[in-house]
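Working notes for the structure below.
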Number of protein chains: 2
Amino acid sequence: MPAKSRVSTESTDDYLKAILELSGPDGVRVTSNALAHQLSVRAASVTGMLKKLAALRPPFVKYEKHHGVRLTEAGKYRALEVLRHHRLLERFLHDILDYSWDEVHEEAERLEHYISERLEDRIAAKLGDPETDPHGHPIPEKDGVIAVRDEIALSNCPCGVPAIISSVSDRDSAALRELERLGLVPGTAVIVDPGTRKASVLVRIAGRPQCRLSRVLASDIQVIRQTA
Amino acid sequence: MPAKSRVSTESTDDYLKAILELSGPDGVRVTSNALAHQLSVRAASVTGMLKKLAALRPPFVKYEKHHGVRLTEAGKYRALEVLRHHRLLERFLHDILDYSWDEVHEEAERLEHYISERLEDRIAAKLGDPETDPHGHPIPEKDGVIAVRDEIALSNCPCGVPAIISSVSDRDSAALRELERLGLVPGTAVIVDPGTRKASVLVRIAGRPQCRLSRVLASDIQVIRQTA
DNA sequence: CACGACTTTTAGCTGGCACTAAACCAATCC
DNA sequence: GGATTGGTTTAGTGCCAGCTAAAAGTCGTG
């Protein structure tokens, strides 16, 4: 018998997750270069992997040379499955094992590939089927349905409009610690004040002094406008 | 730069664990064939891996052609580290996530390779630094010390000697379910009764009717004699 | 329309870890 | 002491997924 021929490996899952993230909710085509950048891998390696993913039965992506890829239904389903693992793990590590919200991402990133269906279910049950991870991102349901929300980056939010923080990026631990210190966590009501400049944004949280954020940091924050 | 050249991979860890298990507490030499059998791998593959483990800096095994291997200090330390992961995970899955004792092994077997030091510590803390896994096996300390106990297989236990079940093998789920049904769990006091035959053992638990076990099943049970 | 800039793909390697087939060593049995 | 037997090692393969270097395709702009 030959070696292992699993449909899904750590690598393939990482590619599918990256494609899902880069193609957004509408499933736009994703270029090799963008994937290479996202995955910290050379473009040549991406080409090889995309061929593999497209050659699987059933195929996980629809791939046209020189014109990028798109997830198939099967690929999207698998990507959401992995994303569910990731976000459930983050919530679990945070709520049950006292991880801080800047520590959860790294650990979940590794473990998401190795937990069984059974463990996924037990974790979800233990947590009471949570809707979001500690950064506010929605957790896909078991059937692959994920909530779509009308979010915009805080850095693009117009002055004077009341908004609620819906999620923050989990990529940068240092940024997360800073945001926590400032009270900029999901669920918080904020308003962008005048005095906003090219490089920074002035934000007001009810009952707190104003604070000034760099535009980079503000773009890590997603909000939902309260058009009451 | 070349690909990943981690000191430790899932495979190397599996080999080290297998050598530890087969060489017992005294660190006896282990043959290639025994390892091949234990790991469900061909003997040729074992040879290749042993060379690799012996060539590492520091080496994980002392390997002499045609005469088997033995763990070095570094190898033993790493093996115990993985064993600690495995047994902590088993206890965690059982106590916190409602796994039954016949389900924990398989899940822990995969995850043991992927949890960080941090997660190991958090799990140990959550559980209050447990001494054993759900099957009664001692969990190595963080520094690599593991309790040595004076166990014998129930199948070798002489008649009429009071003994306490210390651990049971976790390899066979069906056997575990059977043992649980019979009340043969770690901590239980038992006595082997006369009426024991070549193929089966007659066991008495205080306050229960006698039960007859196949010798195979009895050899999955380790006991400590109560020489009061 | 053609040239240059950038992106993408091809071709060929590397390392990890399994496999088979065949050669090799060692210990036993006449 | 030589043949048999069985465990062990060598040699050569395959697959995965990364890499570099170089070729080829796409597209904007003069």
(request) If a pair satisfies salt bridge (charged side-chain N to carboxylate O under 4.0 Å, His left out) and one of its residues is in residues 75-87 of chain B, list it, with sequence neighbours excluded. (result) D13(B)-R78(B), R78(B)-E81(B), R84(B)-E120(B), R87(B)-D133(B)
(request) Fit a plane to each ring of F92(B) and F92(A), take the angle between them on a 0 to 90° scale, and name the class: parallel (under 30°), tilted (30 to 60°) or perpendicular (over 60°). (result) perpendicular
(request) Return no unless some side-chain N or O of T31(A) is found under 4.0 Å from OP1 or OP2 of dT7(C). (result) no
(message) The criterion is salt bridge (charged side-chain N to carboxylate O under 4.0 Å, His left out); which residues satisfy it with E107(B), sequence neighbours excluded?
(response) R110(B)
(request) Write down the distance between CG (L53(A)) and C1' (dG18(D)), rounded to a whole number of angstrom. (result) 15 Å
(request) Only counting residues at least two apart or in another chain, list the ones meeting salt bridge (charged side-chain N to carboxylate O under 4.0 Å, His left out) with E112(B). (result) K17(B)
(request) Counting heavy atoms from C-beta on, name the nucleotide in dC25(C), dT8(C), dC17(C) closest to the side chain of N33(A). (result) dT8(C)
(request) Taking salt bridge (charged side-chain N to carboxylate O under 4.0 Å, His left out) as the test, write out the residues that go with E151(B), two or more places apart. (result) R149(B)
(request) Quick one: which residue pairs count as a salt bridge (charged side-chain N to carboxylate O under 4.0 Å, His left out) with a foot in residues 166-176 of chain A, not counting sequence neighbours? (result) E21(A)-R171(A)
(message) Looking at dG18(D), I'd like to know if its phosphate oxygens (OP1 or OP2) sit under 4.0 Å from a side-chain N or O belonging to S11(A).
(response) yes
(request) From the options dC17(C), dG25(D), dT8(D), select the nucleotide whose nearest atom is closest to the side chain of H66(A). (result) dG25(D)
(request) Rounded to the nearest 0.5 Å, what's the gap from NE2 on H37(B) to CG on L22(B)? Could you check? (result) 11.0 Å
(request) Measure the distance from NZ on K65(B) to C1' on dT9(D) and round it to the nearest whole Å. (result) 8 Å
(request) Check the distance between dC17(C)'s C1' and K51(B)'s NZ and give it to me in whole angstrom. (result) 14 Å
(request) Could you check how far CG of L56(A) sits from P of dC16(D), rounded to whole Å? (result) 10 Å
(request) Take the protein atom CD of E10(A) and the nucleotide atom P of dG18(D), then report the distance between them rounded to whole Å. (result) 10 Å
(request) With sequence neighbours excluded, tell me which residues meet salt bridge (charged side-chain N to carboxylate O under 4.0 Å, His left out) with D121(B). (result) K142(B)
(message) Rounding to an integer number of Å, can you tell me how far K52(B) NZ sits from dT14(C) C1'?
(response) 13 Å
(request) Determine which pairs satisfy salt bridge (charged side-chain N to carboxylate O under 4.0 Å, His left out) with at least one residue from residues 24-51 of chain A, sequence neighbours left out, and list them in order. (result) R29(A)-E64(A)
(message) Give the residues of residues 34-47 of chain B touching DNA chain D, defined as any heavy atom closer than 4.0 Å, sorted by residue number.
(response) A43(B), A44(B), T47(B)
(request) Please work out which residues in residues 14-21 of chain A have a non-hydrogen atom less than 4.0 Å from an atom of DNA chain C and list them by number. (result) none
(request) Would you mind reading off the distance between H67(A) atom NE2 and dT8(C) atom P, rounded to a whole angstrom? (result) 10 Å
